[in-house]
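Before any comments, here is the structure.
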Amino acid sequence: MNDNGIIYLNAGKKMLPRLLVSIYSLRKVYNGNISIIQIGDDGLDIINIISDKFNCQIIYSKQELNIKHHYWFEKSRTHLYTPYTNNVFIDSDTLIINNIYELFDEIEQNDFIVPQFSNWICSGKRISKRLKSWNHIDKDLVKKTIESKMPSVNVGVYGFKKTSELMRHWFDFTIQNPNSPLPEEISCHLLLQKYKGKIISNKYNCSCKHDNPRLDDVKIIHYHGRKHCRFKNGQPLFNSDLWIKSWKEIFAFNLSNIQNWYKDCGDTLLNRNLGSINNYV
């Protein structure tokens, strides 16, 4: 088994343009192992093209979960797929702007790591409401989590040892409440009260909207909620100019044959804003 690696997860075609941007930006600062967990056949042909270009390993699995938003639940059991001892999971809607090798040292010490989301905390109005949707599963654990006032986390990035106890329980716990808002993320908050883990700086998962991605120490920008290429009056919103710059580089050199497949992937925001993207310098 390899020691360290970065993993992505893909299901379908919608996220493939964003996945390509993320891996392209990652390869600028990281030359280690990358694996893409591909769920099902949809998009596999493009995953093969991306993997060949950027030296990624494909880990294929047939879709086993007959559940809405099955991607969320797959995120909570990536330890079953990964070939690595120490793993960093990164969502496709991200841009990596500085090296992140130190995350593997954090994993060695802590088994499971996850960045804080902006400056939010569990006792805040929005997160506490989401946590309370788990009262019927474990009311005492919900109460303990809210009263801890611990930082709220975002699982667009997380790291783990393959043997992590939290990882071994995450999926089974999450699937108990499949209709919860962001079930894998809120369940992670709760499990951090029970198993070894560490909440790390949001510089490893910097919100494009709620943080300042232009600070010198930022490592990963997260364009959550389809904010990777939004415009208003011809100007990009939510620091998406940084994502657009990488997109235009990829498109100009037709990396991974992007020009031939991106329009068919279903990224409606990208397709709708192509004119604004092309006109933006």
Side-chain angles (χ1 to χ4, degrees), residues 5-61 63 69-75 78 81-84 87-97 100 154-159 184 204-206 208 219-230 238 240 242-271 273-274 277:
I6 290 174
I7 55 175
Y8 289 88
L9 176 65
N10 183 69
K13 295 181 178 179
K14 185 175 181 180
M15 297 297 294
L16 288 175
R18 281 172 271 182
L19 174 63
L20 176 56
V21 169
S22 185
I23 293 177
Y24 170 72
S25 66
L26 175 62
R27 274 298 184 216
K28 288 184 176 182
V29 297
Y30 170 82
N31 61 7
N33 297 315
I34 302 175
S35 285
I36 305 171
I37 302 167
Q38 169 67 24
I39 307 297
D41 294 329
D42 192 20
L44 180 58
D45 53 340
I46 298 172
I47 288 292
N48 279 313
I49 296 171
I50 294 173
S51 297
D52 286 345
K53 174 63 180 178
F54 294 99
N55 190 25
C56 305
Q57 177 183 0
I58 300 173
I59 302 169
Y60 174 80
S61 175
Q63 182 179 331
H69 301 306
H70 64 92
Y71 173 88
W72 293 344
F73 300 92
E74 293 289 3
K75 281 176 67 172
T78 52
Y81 301 110
T82 180
Y84 311 120
N87 302 267
V88 175
F89 173 90
I90 302 178
D91 261 346
S92 298
D93 54 348
T94 53
L95 189 72
I96 293 80
I97 58 175
I100 54 175
N154 180 283
V155 295
V157 176
Y158 63 87
E184 88 293 4
Y204 297 105
N205 190 1
C206 183
C208 65
K219 304 284 189 174
I220 301 174
I221 305 172
H222 192 180
Y223 290 94
H224 51 92
R226 299 198 316 144
K227 298 179 179 69
H228 53 300
C229 57
R230 293 194 189 183
F238 309 127
S240 61
L242 301 173
W243 189 93
I244 290 166
K245 181 177 183 294
S246 286
W247 166 259
K248 294 184 80 167
E249 290 172 1
I250 290 168
F251 197 84
F253 291 102
N254 197 26
L255 299 182
S256 296
N257 205 25
I258 182 67
Q259 295 178 16
N260 290 336
W261 54 260
Y262 77 100
K263 282 189 177 181
D264 298 325
C265 286
D267 188 332
T268 54
L269 186 69
L270 176 63
N271 291 340
N273 289 334
L274 284 174
I277 291 170

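The shortest side-chain heavy-atom distance between I39 and Y71 does not fall under the 4.5 Å cut-off.
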Please walk me through it: do I23 and I36 pass side chain to side chain contact (heavy atoms under 4.5 Å, CB included)? CA-CA 10 Å; I23 293 177; I36 305 171; 3.7 Å; yes
Is there a side chain to side chain contact (heavy atoms under 4.5 Å, CB included) between I221 and W243 once you walk through the steps? CA-CA 9 Å; I221 305 172; W243 189 93; over 6 Å; no
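Using modelled atom types and a 3.5 Å distance limit, the side chains of D41 and Y60 yield a donor-acceptor pair. Judged by distance alone, the side chains of D93 and H222 do bring a donor and an acceptor atom under 3.5 Å apart. For Y24 and S246, the side-chain atoms include no donor-acceptor pair closer than 3.5 Å. Defined by atom type and a distance below 3.5 Å, a donor-acceptor pair is missing between the side-chain atoms of Y81 and S35. A donor and an acceptor atom, one from each side chain of S22 and S92, are nowhere located under 3.5 Å apart.
Between the side chain of K75 and the backbone N or O of V155, at least one donor-acceptor pair lies under 3.5 Å. Formation of a donor-acceptor pair under 3.5 Å by the R226 side chain with backbone atoms of T268 is not found in this model. With hydrogens and angles ignored, the 3.5 Å screen pairs no side-chain donor or acceptor of N33 with any backbone N or O of Y84.
Rounding to the nearest 0.5 angstrom, the gap separating the CD1 atom in I47 from the OG atom in S256 is 9.5 Å. Once rounded to the nearest 0.5 Å, the distance linking CG of N10 with CD of E74 reads 11.5 Å.
Shortest non-hydrogen contact noted between Y30 and G5 is OH-CA, 3.9 Å.
Ring geometry for Y262 versus F251: interplanar angle over 60°, hence perpendicular rather than tilted (30 to 60°).
Partner of I220 under the side chain to side chain contact (heavy atoms under 4.5 Å, CB included) criterion, chosen from D91, I96, I97: I96.
In the displayed structure, K28 atom NZ is contacted under 6.0 Å by more than 12 heavy atoms of other residues, nucleotides or ligands.
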